[in-house]
Amino acid sequence: MLKEKLFEKIRSEDVIIWAGAGLSMSSGFPSGYGLKEILYNSLTEGEKKLVGTDLSLMDLSQAIVDIQGTRNHLVAQLYKIFKGNVGTLGSVHQKLAKIPHFNNIFTTNYDRLLEQAIDNSIAISNEHQIALLESNQGTRIFKMHGDLSDPNSLVITTSDYNAMFRDDKLNNVLWGFAKALISTKTVLFLGYGVEDSNFQVLLDGITRALGGNRKEFFFVAPGISDLKQIQLKSRNINYINSTAETLIDELYENILANITSDLHEKKVSADTFRRFMDSHNCIPVLQTNGNSFEIVDIKTDGPIELTANIDFIDQKKVEEFEKHLVEFPSKPFVFDASEIKKLVFSYSGILLDLMRNAEQIEFSRIPTTKGFVEIRFEDGQEFYLYGAIYSRKGSMDVIVKLVSGELTIKLTQKEDGYLVNFHVEHFPNCKDIRSEIEFFTFVTTALQKKAFTITTESGEVHTFQGSDFKKVAEFDRMLKYFQDLKLIENFFSIRFQNFTISEARKSSHERDVLLSMINDEFLAYPLRENVDITTDKPLSKNVVELFKMPEEKQYFKCVIVDNEKLTLHGKEFNIGKKEMEIPDASCMNLDEVHSGGNRLILRSEKGVGRIRYKKNE
């Protein structure tokens, strides 16, 4: 795909950005069209009549200079818009600042957001600054439409644009330098609209200057028409349907996943790699390995927390490893590097292939106690569960595993005993109702201020006082929900299995309907709209006599038989027989009822009735 192709080129430091006004709009600066409106509104009424409203930005700017005979008003307005407004760095600028792969960024914007965001950058707005490039090792930002610190460098009028692309006029050295870079690098246009006259003039100038002597162009914008896509393709421009913000976010994640392998494969320079890691507050220590580099250490101000992703070749070795952790948790288990297909560590989202040249890899896990533990609460309830205990001075963590989730009991020693904290994690899927009842019974018991004793398999006993937890109601609600599901299972002779906990949290209505059927109880039934009842035959005499006067309120009761179905956790139930009661019903089609019709339209004044569901035999 085009996006992946572009990312590959960027990671190889083969891309320069050409940034337009759209990149700065989220920071409070106007688009090209918005700038045109601001300039137009700054004119007197007489000047507005002279220029009209249909001119492009450059033609309007030229007209202002022609009418007033000077650039002073135009420059003053640009100062007011861009120099007086510092702007807030948007996410796209912040992400760009963390991506050192762009050594050269060209922009037609007048703001200074890129310079503010990117450390160790230098802004180039005229040919006299070209000499500074030799000693600068940071990101070079070429202000192709000038900089407000140098009013003579500004490019905004039609004359300025014409002069920009002529070799013997304004900024000829700068434009010549730009052409040399564009001819050897892939160009990524960000922040331009396909209808943007600024982009059209820029593209025409580049095309005239380079002809076919250029590399690939990529144009990023959301949702342009099919015709515009065809036109871009005819000019050999690759179109990517995306916003600049989304593209940069995806690029950033792509670099996180590939930066280490890019270093090993020499796609990215060691300097760019170091700058990228530095933006994540860590300093890599590299050593040469032939023509490439290897990471031998990572230094940070604090401890390094790594997440490992391991892919083994031999499944039997995995089973041996897991068995070892259970039987010998305090001893390391050694793999030969050849037994592991891939082992990648993640630091701050960066994938680090630290084991690239390792011969052996050693794993160890050392809990104080691991195995089944008995937990007995003061009210006599007992649970025999699998867990692990990690003890250290002044604290103890007990991790208890159930089928449906985990409960971490964190115990911190105080002068008068232990401070008890719980962390509850329910797994995404519910295996069966029994496991859910066990889980929520244990959790609600543990959170209800009850003292408890933990006894390990070795006979070691730990006793703790309970603590007051405020978030028990939600667990109580879920326990009641699964207990009700057990009643439904037994009543209908079914079993609920393999559904998500999120589905359970959203299915209380379906549960209530089925309980109404089981318990033969009425449920409150909202009647926000009219109740429309149609029978196979004309309405009975009793119904006709019940409703005699318009707006007269009557108690109404009926039995409805239809084909309504209800689905709960993958099981379908027939709820097509129900009794409905409306205590304050009034007939809305009185004439039709008294003329022998078979349709009854009722309305409830208070908008509520009762309904009782019946099991169809």
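Fair warning: this is a prediction, and the values are worked out from it, not measured in the lab.
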Just by distance, no angles: are the side chains of [X] and [Y] close enough, under 3.5 Å, to form a donor-acceptor pair?
{"X": "E406", "Y": "H426", "value": "no"}
{"X": "E581", "Y": "Y555", "value": "yes"}
{"X": "T535", "Y": "N598", "value": "no"}
{"X": "N254", "Y": "R11", "value": "yes"}
{"X": "S27", "Y": "S24", "value": "no"}
{"X": "D432", "Y": "S435", "value": "yes"}

- request: For D512, enumerate each residue passing the side chain to side chain contact (heavy atoms under 4.5 Å, CB included) test, keeping only those at least two apart in sequence or located in another chain.
  value: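 Residues passing side chain to side chain contact (heavy atoms under 4.5 Å, CB included) with D512: L523.
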query: Quick one: side-chain hydrogen bond (donor to acceptor under 3.5 Å, both in side chains) pairs with a partner in residues 540-553, sequence neighbours left out?
result: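 Listed once each, the pairs are E552-Q554.
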Parallel, tilted or perpendicular: rings of F496 and H569 (30°, 60°):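 H569 and F496: perpendicular rings.
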task: Kindly assign one of parallel, tilted or perpendicular to the pair F372 and Y384, based on the angle between their ring planes and the thresholds 30° and 60°.
output: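 Rings of F372 and Y384: parallel, under 30°.
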- request: Show your working on salt bridge (Lys or Arg N to Asp or Glu O under 4.0 Å) between D562 and K578 and close with a plain yes or no.
  value: CA-CA 9 Å; D562 57 22; K578 63 207 74 169; 3.7 Å; yes
field: F218-F189 aromatic ring centre distance below 6.0 Å
entry: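 Aromatic pair excluded; centres sit 6.0 Å or further apart.
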task: Mark yes or no for whether Y239, through its side chain, and I224, through its backbone, hold a donor-acceptor pair below 3.5 Å.
output: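 Yes.
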message: Using a 6.0 Å distance limit plus a 45 degree cone around the ring axis, check whether R610 lies over the aromatic ring of Y525.
response: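 No, R610 does not lie over the aromatic ring of Y525.
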- request: Take E319 and K316, measure what salt bridge (Lys or Arg N to Asp or Glu O under 4.0 Å) needs, and give me the verdict at the end.
  value: CA-CA 5 Å; E319 295 170 357; K316 291 183 179 180; over 6 Å; no
